[in-house]
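Encoded as structure tokens, the structure appears first; notes follow it.
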Number of protein chains: 2
Amino acid sequence: MSASKRSANAMTVDQAVRDTLLRQFAGYRMKRAYLLVQEDMIETLAPFGLRTVTFSALAVVMGSPGISQSDLSDVLNIKRSGVVAIVDELEGAGVLKRKPVKEDRRTNALTVTAAGRRLWDKVEKAVQDHETALFCDLSPAEIAQLRDLLGRVRRTPSTDLEAEE
Amino acid sequence: MSASKRSANAMTVDQAVRDTLLRQFAGYRMKRAYLLVQEDMIETLAPFGLRTVTFSALAVVMGSPGISQSDLSDVLNIKRSGVVAIVDELEGAGVLKRKPVKEDRRTNALTVTAAGRRLWDKVEKAVQDHETALFCDLSPAEIAQLRDLLGRVRRTPSTDLEAEE
DNA sequence: TATTGTTATACTCTATAACTATA
DNA sequence: TATAGTTATAGAGTATAACAATA
């Protein structure tokens with residue numbers, strides 16, 4: 001009895017009523033929407049043996065061949081130590097390779113293998129398709145606008161300084 | 001040398017160049033934006049002794065006095081076992097109370113205390129202010145549109161069925 | 001002395017499963 | 001038999017700190 005709708009991925013009928021106070025916040029809606037995207041991405045990437053992080057890493061190395069693990073960690077906003085496992089995973093799958101750099105023997109230059117490039121082409125398409133499905137209620141113009149608006153969210157310097165009241 | 005900008009919370013100059021392939025995806029932008037909101041929320045809520053989850057729980061109980069822990073877990077999309085710690089935390093802080101229900105002695109009716117209501121008023125305002133700061137580059141109309149667009153993201157039934165190719 | 005990649009470790013968050021008391 | 005709340009446990013995911021090799 002009560003909220004017994006048990007739909008596999010949430011959002012019962014009552015929910016819309018019950019999170020009224022939360023839905024006033026764009027941040028809350030962002031979280032819900034992000035969770036949907038995240039769940040969807042997991043399913044989309046699974047057949048390719050990728051996780052969201054490894055997909056992102058592959059994308060970055062595709063766009064910046066020869067990038068170092070340190071720089072990759074900067075771009076992905078992940079600690080260097082975390083990048084190791086990610087690169088291990090992708091290298092183990094034959095998707096990318098660590099190449100020694102003559103000028104600086106501390107560094108690994110990351111490059112995508114031929115198999116990795118073929119994988120990227122397929123995955124990129126798959127993710128594009130899944131985004132299309134995810135945003136099927138939005139017009140192309142609205143999707144573009146959503147992308148634009150999301151890109152304009154930023155933390156103001158005053159917030160960073162945590163000098164409040 | 002290379003990407004040495006070391007800004008405390010990410011987004012170096014190179015980044016914009018390097019995640020080009022990822023920025024085509026609204027999902028990626030959603031993740032970045034969500035992470036900004038999340039970081040900001042943590043700082044905003046800390047002075048009130050709240051975390052994002054406990055803030056959300058408080059909001060839901062405010063809007064649905066007497067709600068059970070099970071129903072709360074449905075609304076928040078968290079397992080019942082996880083709700084226990086959240087309610088413990090809020091009850092320990094004197095923000096809400098578990099009340100026995102005569103008709104069903106298995107159930108707890110969650111209610112916000114007077115102190116909890118005062119807290120909510122302050123926190124709600126604080127979060128509203130921080131969202132204003134976060135979306136300072138957007139006009140009120142754009143914020144409303146962002147909220148609307150985010151609310152229209154959904155997983156299509158076909159995606160759920162994972163019946164692909 | 002600083003930086004790259006690495007390892008080991010700890011911490012946070014959440015899910016799973018089993019238990020109890022009620023229904 | 002099923003459900004509400006609880007507990008204990010395990011698993012992701014990520015951060016922190018220390019280390020070796022190199023600059």
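Please read these numbers as outputs of a predicted model, since none were measured by experiment. Proteins get letters first, then strands, A, B, ... in listed order; numbering begins at 1 in each.
- The interatomic distance linking B:Leu72 (CG) with C:dT14 (P) rounds to 13 Å, in whole Å.
- Dashed line: the shortest gap from a side-chain N or O of A:Arg105 to OP1 or OP2 of C:dT3 is not under 4.0 Å.
- Residues passing the salt bridge (charged side-chain N to carboxylate O under 4.0 Å, His left out) test with B:Asp148, sequence neighbours excluded: B:Arg152.
- Of the charged side-chain nitrogens involved, at least one lies within less than 4.0 Å of a carboxylate oxygen, so that A:Asp71 and B:Arg18 count as a salt-bridged pair.
- Each end of the helix from C:dT1-D:dA23 to C:dA23-D:dT1 gets its own rotation axis from five pairs of C1' atoms, and the angle between them is 10° to the nearest 10 degrees.
- Nucleotide D:dA12 holds its P atom 12 Å from the CD atom of A:Glu89, rounded to whole Å.
- Distance, A:Asp74 CG to C:dT4 C1': 12 Å, rounded to whole Å.
- For the pair A:Arg32 (side chain) and B:Gly151 (backbone), a donor-acceptor distance under 3.5 Å is absent.
- With sequence neighbours left out, the side-chain contact (heavy atoms from CB on, under 4.5 Å) criterion links B:Ala115 to B:Thr113, B:Arg118.
- The salt bridge (charged side-chain N to carboxylate O under 4.0 Å, His left out) test applied to A:Glu89 returns A:Arg51, not counting sequence neighbours.
- Side-chain nitrogen and oxygen atoms of A:Gln69 include none within less than 4.0 Å of the OP1 or OP2 phosphate oxygen of C:dT3.
- The salt bridge (charged side-chain N to carboxylate O under 4.0 Å, His left out) test applied to A:Asp129 returns no partner, not counting sequence neighbours.
- Applying the side-chain contact (heavy atoms from CB on, under 4.5 Å) test to A:Gln128 and every residue at least two apart in sequence or in another chain returns A:Glu124, A:Lys125, B:Gln24, B:Phe25.
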Would you tabulate the nitrogen or oxygen pairs shorter than 3.5 Å linking the protein to nucleotides 14-20 of chain D?
from	atom 1	to	atom 2	distance (Å)
D:dT16	O4	A:Ser81	OG	2.7

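- In this structure, A:Gln38 places its CD atom 15 Å from P of D:dA12, rounding to the nearest Å.
- Remark: B:Asp104 pairs with B:Arg106 by the salt bridge (charged side-chain N to carboxylate O under 4.0 Å, His left out) rule, at least two apart or across chains.
- Residues meeting the side-chain hydrogen bond (donor to acceptor under 3.5 Å, both in side chains) test with A:Arg98, sequence neighbours left out: A:Gln69, A:Asp88, A:Glu91.
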Using the 3.5 Å cut-off, write out each protein N or O paired with an N or O of nucleotides 1-3 of chain D and the distance between them.
from	atom 1	to	atom 2	distance (Å)
D:dT3	O2	B:Arg106	NH1	2.7

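- Nearest heavy atom pair, residue A:Glu131 against residue B:Ala26, reads OE1-N, 3.0 Å.
- Not counting sequence neighbours, the partners of B:Gln145 by the side-chain hydrogen bond (donor to acceptor under 3.5 Å, both in side chains) test are A:Gln145.
- Per the geometry, CZ belonging to B:Arg98 stands 15 Å off C1' belonging to C:dA21, to the nearest Å.
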Enumerate all atom pairs, one protein N or O and one N or O from nucleotides 9-11 of chain C, separated by less than 3.5 Å.
none

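- Within the 4.5 Å cutoff, side-chain heavy atoms of B:Arg155 are placed close to those of A:Leu134.
- Side chain of A:Thr44 to backbone of A:Asp40: a donor-acceptor contact under 3.5 angstrom is found.
- One atom, CG of B:Asp88, and another, P of D:dG5, lie 12 Å apart when rounded to the nearest Å.
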